[in-house]
Amino acid sequence: MKRGSITIYLSLVLISVLILVSVVTESARMNIVQTECKVFTHLASDSVLAGYARQVYEDYGILLVWEEKTLKEQLMEYIQANIEQADLNVATANIMSTQVRDIKIGQVQYVEDNGGETFIEQILSYMKYAVVKESVNKLMDLYSKNNYQEKSDTTEDMINVEKNSEISKIVDDINDELSNLKNNNIKNQLISEKMRKNFLRKVKKIINKIKLYQIKRKSYLKSYKEIECVDYMDFNLEILEQIKNKIEKEELMDSSSLEEKWGYIWKETQEKIKNLKVNVSTEEDKKNQGIYESAKQFLDKGILSMVIDDSSNVSSASISDLNLPSKKKIKKEDLPYSAIDKAKVILYAGMKFGNYTHLKSNTDLKYELEYIIAGKDNDRSNLVAVVEQMTGVRNIATLAYIIRDKAKMAQLSSISASVATSLGLPFLEPVIKVVLTEAWALAEAVHDVKTLMRGKKIDMTKNSTNWVTQLNHLISKKSRGSEKKSAIDYQQFCYLLAIKEKINKIGFRIMDLIQLNIQKNYNQSFLMRRCFTGFHIKVQYETEPMFASMPWTIDTLGEKIGAYSFFVESKMKY
């Protein structure tokens with residue numbers, strides 16, 4: 001009996017010890033399993049990021065993963081292979097008795113999300129080591145010194161103002177009669193009552209014609225709000241009205257010294273008539289009219305044909321991919337980046353993509369920097385848009401210089417008055433001056449852009465030494481570049497145009513070009529929208545009991561009843 005009690009006692013002790021050892025062993029095993037699963041999770045996450053799109057990195061310096069398989073599939077494959085300590089393609093024994101129950105994808109940082117913020121961060125990271133600070137400062141300095149806003153062109157109404165034969169005929173008649181009036185001996189015209197009445201009839205006739213002219217002028221200018229309805233005819237009318245009123249007033253007054261009175265009046269009248277303005281068209285006026293017509297034709301011309309020697313050589317490449325990143329509607333347009341950051345992104349675009357003067361090989365579009373600025377679906381449209389912007393921006397500098405140059409403004413005023421005389425429409429003088437001024441400024445701007453397109457540099461400001469074009473010869477075949485340190489070239493001018501765009505718009509167009517070029521050279525199915533740079537995951541593991549089953553830690557809601565279940569989180573990004 002005593003021996004039996006000892007045996008039972010020892011058995012209970014042994015069982016308790018075995019249970020304790022099993023629990024401790026199982027607990028230690030589970031700690032190891034959980035630690036290993038954390039390692040597996042982070043290794044799998046690293047493995048996913050290690051599978052970056054190599055061609056994108058080699059060509060553009062951007063680290064991103066192209067999601068050929070879903071992120072969940074990739075993680076599952078890598079984790080399971082680590083659990084089995086096996087090659088990805090060869091399954092072995094699962095000595096840990098552990099498997100993945102589920103992977104919850106919390107957040108994936110796709111390059112198109114948040115207005116392209118993730119992608120722009122990649123560019124900025126690259127530019128920390130790819131560009132010197134001086135380059136960024138130079139671009140910012142150029143932009144700050146030149147407040148670039150495109151100037152609106154001369155309105156089409158102004159350019160298309162044409163001669164009106166009816167008004168011109170009235171003006172010619174008025175000028176003829178004014179000439180006759182000025183050539184007559186005024187003293188003889190006022191010597192008798194009969195002569196004075198005849199003189200008054202002539203003056204009233206001219207007054208009526210000027211009033212008719214004013215009515216016709218007002219009707220003609222209804223649709224031209226830019227034109228001020230004042231010219232020398234208004235001045236003439238005022239003088240003629242004064243003469244008429246004076247004579248009529250004196251006729252009503254009775255005076256004993258008639259001869260003395262009219263002697264004074266004819267002298268006063270003669271002085272007034274001398275001040276009448278008469279414009280008679282000359283050969284010089286007709287010559288100046290030719291300059292004006294040439295200026296109008298110049299303003300109507302297409303810019304591209306004027307700045308490129310042979311526009312038939314312009315690339316005709318186009319794109320029609322509706323899966324481009326820029327086609328996506330951007331929800332977040334105002335990204336929190338400084339002007340310095342934008343400058344870095346633009347400089348990155350200049351380093352990695354070609355333009356009209358520096359083409360890159362094996363690209364879908366030839367004028368890539370122009371695409372980033374304009375966003376059109378073909379090279380020609382992008383080049384036209386950029387050239388027009390350049391010309392508009394350059395027009396500001398050339399126009400500002402003309403307005404400051406007294407000699408040029410005097411020349412413009414003289415020719416404008418001459419052309420208005422030739423047209424028989426004196427009220428058009430201010431319009432003609434605007435057209436001529438704009439045409440001359442535009443011609444100089446076109447010359448500057450043509451110089452840039454030929455690979456030369458230009459000065460940012462205009463002065464008498466670097467002004468090239470002449471008013472009577474607007475199109476210059478020669479292009480004169482600048483050798484100054486402060487001069488800029490075509491690519492730098494493109495930077496100035498791009499810096500006006502929003503940074504996310506620039507980022508998405510860069511993504512477009514990367515996608516197009518990767519598809520062309522490496523992989524036709526590559527899509528930027530399936531690329532990411534980081535993620536946040538939560539992996540649920542399931543482990544079967546081995547040495548002991550601890551019910552207080554077992555998740556009975558799992559796929560396998562009686563299995564341990566736990567979670568491991570991982571946040572990864574480049």
Side-chain angles (χ1 to χ4, degrees), residues 52-53 55-57 59-71 107-124 126 315-337 341-342 345-346 348-350 352-356 360 362-386 388-389 494 497-535:
Y52 62 89
Q55 293 87 359
V56 176
Y57 179 73
D59 290 357
Y60 302 102
I62 301 296
L63 276 171
L64 47 82
V65 178
W66 179 41
E67 198 177 33
E68 283 188 273
K69 294 181 180 179
T70 65
L71 176 59
Q107 181 182 9
V108 182
Q109 294 175 347
Y110 286 99
V111 293
E112 291 186 1
D113 292 346
N114 297 322
E117 187 173 3
T118 302
F119 181 74
I120 290 169
E121 287 292 340
Q122 281 283 308
I123 292 177
L124 295 177
Y126 175 83
S315 169
S316 58
S318 63
I319 55 175
S320 59
D321 192 346
L322 297 178
N323 288 317
L324 290 174
S326 63
K327 301 295 182 183
K328 178 182 178 180
K329 187 175 180 181
I330 303 173
K331 294 181 180 178
K332 188 176 180 181
E333 293 193 350
D334 296 320
L335 297 179
Y337 290 104
D341 290 333
K342 187 190 288 188
V345 174
I346 292 167
Y348 169 85
K352 296 298 180 180
F353 301 101
N355 59 71
Y356 178 80
K360 297 261 184 181
N362 301 320
T363 58
D364 234 21
L365 291 173
K366 295 298 179 187
Y367 312 142
E368 296 176 302
L369 195 52
E370 289 84 350
Y371 173 78
I372 291 171
I373 296 168
K376 309 292 184 182
D377 63 1
N378 64 84
D379 274 334
R380 190 178 189 88
S381 295
N382 285 318
L383 187 61
V384 168
V386 168
E388 286 178 348
Q389 285 186 51
C494 284
L497 297 180
I499 209 167
K500 297 185 299 179
E501 299 289 343
K502 289 186 176 180
I503 193 170
N504 56 353
K505 188 177 288 187
I506 297 169
F508 272 91
R509 288 175 182 170
I510 289 174
M511 282 191 260
D512 289 349
L513 294 173
I514 292 176
Q515 177 172 304
L516 289 167
N517 293 338
I518 295 297
Q519 287 178 346
K520 178 181 177 68
N521 297 311
Y522 304 108
N523 190 329
Q524 291 184 352
S525 59
F526 177 82
L527 293 172
M528 287 295 291
R529 62 181 171 81
R530 289 174 55 189
C531 294
F532 58 86
T533 61
F535 50 82

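Hydrogens, waters and symmetry mates play no part in the numbers below; they use all other heavy atoms, side chains included.
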Fill in: Side-chain (E370) to main-chain (L383) donor-acceptor, under 3.5 angstrom
no
side-chain contact (heavy atoms from CB on, under 4.5 Å) test vs D341 passes for just one of I123, L124, I120, namely L124
* Asked: Does one side chain, of Y60 or N517, offer a donor that lies under 3.5 Å from an acceptor on the other?
  -> yes
With sequence neighbours left out, the residues meeting side chain to side chain donor-acceptor pair (under 3.5 Å) with E121 are Y337
- Would you say the side chain of F532 lies within less than 4.5 Å of the side chain of L64, judging by non-hydrogen atoms? no
When every non-hydrogen atom of I514 is compared with those of M528, the smallest separation belongs to CG2-SD, 4.0 Å
To the nearest 0.5 Å, atom CD of Q122 lies from atom CD1 of I62 at 5.5 Å
- How about D59 and Y522: do any of their side-chain heavy atoms sit closer than 4.5 Å? yes
- Start with the C-alpha distance between I499 and K342, add both sets of side-chain angles, then the distance that settles side-chain contact (heavy atoms from CB on, under 4.5 Å), and finish with yes or no. CA-CA 7 Å; I499 209 167; K342 187 190 288 188; 3.8 Å; yes
Separation between CD1 (I518) and SG (C531), nearest 0.5 Å, reads 9.0 Å
So CZ of F353 and NZ of K360: to nearest 0.5 Å the spacing works out to 9.0 Å
Practice item. May I have the step-by-step check of side-chain contact (heavy atoms from CB on, under 4.5 Å) for I319 and L516, ending in yes or no? Key: CA-CA 9 Å; I319 55 175; L516 289 167; 3.8 Å; yes
### Message
For S381, is there any backbone N or O sitting under 3.5 Å from a side-chain donor or acceptor partner on N378?
### Response
yes
If we ignore hydrogens and angles and just use 3.5 Å, is the side chain of R380 paired with the main-chain N or O of S316 as donor and acceptor?
no
CG of L71 to CZ of R530, rounded to nearest 0.5 Å, is 12.0 Å
Taken to the nearest 0.5 Å, the spacing of E117 CD from N504 CG works out to 10.0 Å
Heavy atoms, side chains only, cut-off 4.5 Å: are W66 and N523 in contact?
yes
So V386 and L497, do their side chains get closer than 4.5 Å, heavy atoms only? yes
- Message: Between D379 (side chain only) and Y367 (backbone N and O only), is there a donor and an acceptor less than 3.5 Å apart?
- Response: yes
All heavy atoms of N382 vs all of G375, minimum pair found to be OD1-N, 3.5 Å
Would you say V345 and I510 make side-chain contact, with heavy atoms under 4.5 Å?
yes
Heavy-atom closest pair (M511 atom, G116 atom, distance to 0.1 Å) is CE-CA, 4.2 Å
Is a side-chain donor or acceptor of K366 paired with a backbone partner of S315 at a separation under 3.5 angstrom? no
Answer whether the closest heavy-atom distance between the side chains of K327 and F508 falls below 4.5 Å.
-> no
(Q) For K376 and Y371: C-alpha separation, side-chain torsions, deciding distance, then whether side-chain contact (heavy atoms from CB on, under 4.5 Å) applies. (A) CA-CA 6 Å; K376 309 292 184 182; Y371 173 78; 5.8 Å; no
**Request:** Decide side-chain contact (heavy atoms from CB on, under 4.5 Å) for V65 and F535; before the verdict, give the C-alpha distance in whole Å, the side-chain angles of both, and the deciding distance to 0.1 Å.
**Result:** CA-CA 11 Å; V65 178; F535 50 82; over 6 Å; no
Query raised in the report: Can you find a pair of side-chain heavy atoms, one from P325 and one from F119, that are under 4.5 Å apart?
Result: no
Between the CZ atom in R529 and the CD atom in E67, the distance rounded to the nearest 0.5 Å is 10.5 Å
Between Q109 and T118 (side chain of the first, backbone of the second, donor and acceptor by atom type, cut-off under 3.5 Å), is there such a pair?
no
When every non-hydrogen atom of A349 is compared with those of I372, the smallest separation belongs to CB-CD1, 3.6 Å
With the side chain counted from C-beta on, respond yes when Q55 and N521 share a heavy-atom pair under 4.5 Å apart, and no when they do not. no
On a heavy-atom basis, the closest approach of E501 and I373 is OE2-O, 3.5 Å
Note: L369 and C494 closest approach over all heavy atoms is CD2-CB, 3.7 Å
S326 backbone acceptor or donor facing D512 side chain under 3.5 Å | yes
